[in-house]
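The block underneath contains the structure these notes are about, expressed in structure tokens.
All figures in this text were calculated on a predicted structure; none of them were measured in a lab.
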Amino acid sequence: MMKKLVMILLAVAFVSMPAEAQLFKKLFKKKAKTEKKSSAKSDAIDDDAQVVLADIATFSDNRNNRNAFLQIPLGIKADRFEKMLLQKGFAERKNEGKQTSKTYFYEGDVYGAKATVTLAVSEQTDRVYAVDVEDLTVYPSLQDVQKRFATLKKELVKEYGAGFVDNQGEAYTIQSRLGTVNMHYERNLMTTSYSIGFALDDAKAYQMAYQEMEDKEYETAPRTITDGLAAACNHTDLVGLGVKLVQNKTLKGAQSILRSYDYKIGKTTAKAVAASMTIGSYQVAVSLARRKQAITAITLTANDDLDAVCRDLQTNGFVSSDQKLWQQGKMTVTVSTDKQGRVVLALR
């Protein structure tokens, strides 16, 4: 499924697609089937039985418990989803040129801003498995887009729960047991302006849609589903955080980075700084060795996915011959596991 969204992107199959629909191509790699081409296969899912973001502890089986967009459950039939979206004041946005089949592209207000909304629809079941949202506003400066980022983050956390800062600060990912939400901003090509938006999926619906994707090696694999719940979050942007700490090796700079990543700063002594972050059962501990106002060594310890951490190092340009010692220029990262099986990153 998504990381991170790792990180995540809907590649929308439009005859003529406006430039703003390109925002998530770097992160959101799912190939959205947004055209209704033929009759969908029947399945055993009852749309009327689907519930929205219910407390998972209230059910022994959460197969009908869904991630949702504006209180509309994902995993239902696209035409039903569209009807509920139009009832909320959204308008269907028609594509330019000849349209040979049904598409699911809309405009409306999302958390206080006008936005485009695109539905990712399974060709086989005609069910919505993901939604892509992008603000129509083009933000003229980094300060402006970061202000919107903070507002949008607050709304998403209120709706979906706490997540983690991602992509070295340019993204925020919420990976609940029902699905994933990824918010991201980026600078527009050849300009100093910025775009922002978010994408979300339903874990169960995405798992079904994944089976029909042709190039699975380029897609995010779905999480394991048990009794209607996806596996809990077990990976965050450890590499991105570590890199930013190495690039800001002063006490003040490191503390600022940790706060920007929503880490709680703990005990600070003349020789060390401690910090931590917890999302459900996922935990990260940070230990910074210091000499006066300078940070001399960085250690991150987490019950994370070792393979995912190594992939992130490779994605960030680090190279290794043994998957233990990684190098990028003068930056060195040592990857190991402790007696509890936790991943340990030591950065210098």
*Should the pair Asp48-Arg80 be classified as a salt bridge under the 4.0 Å nitrogen-to-oxygen rule?*
yes

Distance col, row Phe164:CZ vs Ile279:CD1, nearest 0.5 angstrom, shows 6.0 Å

* Have Asn65 and Gln50 got a donor and an acceptor in their side chains that come within less than 3.5 Å? -> no

Are Thr180 and Ile174 side-chain neighbours, meaning at least one heavy-atom pair lies under 4.5 Å?
no

### Message
Between Asn167 and Tyr172, do the side chains contain a donor N or O and an acceptor N or O under 3.5 Å apart?
### Response
no

>> So Asp126 and Val121, do their side chains get closer than 4.5 Å, heavy atoms only?
In response: yes

Check: Could you walk me through whether Val286 and Leu258 pass the side-chain contact (heavy atoms from CB on, under 4.5 Å) check?
Finding: CA-CA 9 Å; Val286 179; Leu258 288 167; 4.2 Å; yes

Is it true that the side chains of Thr236 and Tyr282 contain a donor and an acceptor less than 3.5 Å apart?
-> yes

Is any NZ, NE, NH1 or NH2 atom of the basic residue among Asp61 and Arg63 found under 4.0 Å from an Asp or Glu carboxylate oxygen of the other? yes

Review point. Any side-chain heavy atom of Lys324 within less than 4.5 Å of one from Thr334?
Key: no

Between Glu92 and Tyr106 the two heavy atoms that sit nearest each other are CA-CD2, 3.6 Å

Is there a donor in the side chain of Asn303 and an acceptor in the side chain of Gln283, or the other way round, less than 3.5 Å apart?
no

Please tell me whether His184 and Asp166 have a donor and an acceptor in their side chains that are separated by less than 3.5 angstrom. no

Closest non-hydrogen atoms of Gly242 and Ile298, given as atom of the first, atom of the second and distance, are O-CD1, 4.5 Å

Is any NZ, NE, NH1 or NH2 atom of the basic residue among Arg342 and Asp304 found under 4.0 Å from an Asp or Glu carboxylate oxygen of the other? no

>> Parallel, tilted or perpendicular, judged at 30° and 60°: which one describes the rings of Phe198 and Tyr111?
In response: tilted

In short, salt bridge (charged side-chain N to carboxylate O under 4.0 Å, His left out) pairs touching residues 66-75 with sequence neighbours left out are Arg66-Asp202

Tell me whether Ser256 contacts the main-chain N or O of Lys252 through its side chain, where contact means a donor paired with an acceptor under 3.5 Å.
no

In this structure, CZ of Arg148 is separated from OG of Ser195 (nearest 0.5 Å) by 12.5 Å

Next on the checklist: I'd like to know if the side chain of Arg187 reaches the main chain of Thr191, judged simply by a donor and an acceptor atom lying under 3.5 Å from each other, with no hydrogens or angles considered.
Outcome noted: yes

dist Lys147:NZ -> Gln143:CD (nearest 0.5 Å) comes out at 8.0 Å

(Q) With a 3.5 Å distance limit and no angle check, can you tell me whether Lys249 reaches the backbone of Ala294 through a side-chain donor-acceptor pair? (A) no

Checklist entry - Is there a donor-acceptor pair under 3.5 Å between the side chain of Gln327 and the backbone N or O of Gly329? => result yes

Test item: side-chain donor near acceptor, Ser141 and Asp144, under 3.5 Å | yes

**Prompt:** Under the 3.5 angstrom rule, does the side chain of Thr103 hit a backbone N or O of Phe105 as a donor-acceptor pair?
**Reply:** no

query = Does a donor on one side chain sit under 3.5 Å from an acceptor on the other, for Thr250 and Gln293?
reply = no

Practice task
For Tyr206 and Asn67, test the side chains for any donor-to-acceptor distance below 3.5 angstrom and give the result as yes or no.
Solution key: no

- Task: Dump the intermediate steps for side-chain contact (heavy atoms from CB on, under 4.5 Å) on Val273 and Leu251, then the final yes or no.
- Result: CA-CA 9 Å; Val273 179; Leu251 177 60; 3.5 Å; yes

| said: Hydrophobic cluster membership, with links at side-chain heavy-atom distances under 4.5 Å among I/L/V/M/F/W/Y: are Leu53 and Ile225 in one? | reply: no

Worked check of side chain to side chain donor-acceptor pair (under 3.5 Å) between Asn316 and Gln168: CA-CA 10 Å; Asn316 279 270; Gln168 295 194 29; 3.2 Å; yes

| Within the side chain of Asp338, is there an N or O that forms a donor-acceptor pair under 3.5 Å with the backbone of Gly341? | yes

Is there a path of hydrophobic side-chain contacts, each under 4.5 Å between heavy atoms of I/L/V/M/F/W/Y residues, joining Ile56 to Val157? yes

| query | Is the closest side-chain heavy-atom distance between Arg223 and Gln175 below 4.5 Å? | reply | yes

Exercise. Can you tell if the side chain of Val239 reaches within under 4.5 Å of the side chain of Val309, non-hydrogen atoms only?
Worked result: yes

Rounding to 0.5 Å, atoms CG (Leu300) and CG (Leu245) come to a distance of 6.5 Å

- Task: Please tell me if the side chains of Tyr129 and Leu74 come closer than 4.5 Å, counting only heavy atoms from C-beta onward.
- Result: no

Flag the pair Arg127 and Asp47 as a salt bridge only when some basic side-chain nitrogen lies within less than 4.0 angstrom of an acidic carboxylate oxygen. yes

Is it the case that over 12 heavy atoms from other parts of the model lie below 6.0 angstrom from the CD atom of Gln323?
yes

Quick check: does any side chain N or O of Thr58 sit under 3.5 Å from a backbone N or O of Ala54, one acting as donor and the other as acceptor? no

When every non-hydrogen atom of His235 is compared with those of Asp305, the smallest separation belongs to ND1-O, 4.4 Å

Heavy-atom nearest pair, Val52 first then Pro73, reads CG2-CD, 3.7 Å

- Task: Please check if Leu119 and Leu86 belong to a single hydrophobic cluster, counting links between Ile, Leu, Val, Met, Phe, Trp and Tyr side chain heavy atoms closer than 4.5 Å.
- Result: yes

Q | Transitive ILVMFWY side-chain link Phe81 to Met208, under 4.5 Å | A | no

For this session: Please check if the side chain of Asp322 supplies one atom and the backbone of Leu325 the other of a donor-acceptor pair under 3.5 Å.
Result: yes

Between Phe69 and Tyr160, the two heavy atoms sitting closest are CA-OH, 3.9 Å

Item checked: Flag for Gln71-Glu159: side-chain donor and acceptor within less than 3.5 Å -> yes

Q. Any donor-acceptor pair under 3.5 Å linking the side chain of Ser260 with the backbone of Ile257?
A. yes

Full working for side-chain contact (heavy atoms from CB on, under 4.5 Å) between Leu241 and Tyr263 = CA-CA 10 Å; Leu241 172 61; Tyr263 276 64; 3.5 Å; yes

Determine, for Lys77 against Glu82, whether the closest basic-nitrogen to carboxylate-oxygen distance falls under 4.0 angstrom. no

| Under-4.0 Å salt bridge between Lys216 and Glu219 | no

Between the CG atom in Asn64 and the CG atom in Asn62, the distance rounded to the nearest 0.5 Å is 9.0 Å

* Decide side-chain contact (heavy atoms from CB on, under 4.5 Å) for Val128 and Tyr104; before the verdict, give the C-alpha distance in whole Å, the side-chain angles of both, and the deciding distance to 0.1 Å. => CA-CA 10 Å; Val128 178; Tyr104 297 92; over 6 Å; no

ask   = Is the shortest heavy-atom distance from the side chain of Val284 to the side chain of Leu238 under 4.5 Å?
value = yes

Hey, is the main chain of Thr137 close enough, under 3.5 Å, to the side chain of Asp135 for a donor-acceptor pair?
no

Self-check item: Common cluster, Ile72/Ile45, ILVMFWY with side-chain heavy-atom separation under 4.5 Å
Solution: no

Interatomic distance, CG@Asp132 vs CG@Asp201, rounded to 0.5 Å, equals 12.0 Å

### Lys153 to Phe149, cation-pi by 6.0 Å centre distance and 45° axis angle
no

query: If we only count heavy atoms from C-beta on, is the Glu123 to Glu212 side-chain gap below 4.5 Å?
result: yes

Closest heavy-atom pair, Ala270 versus Arg290, reported as atoms and distance to 0.1 Å, is O-CG, 3.5 Å

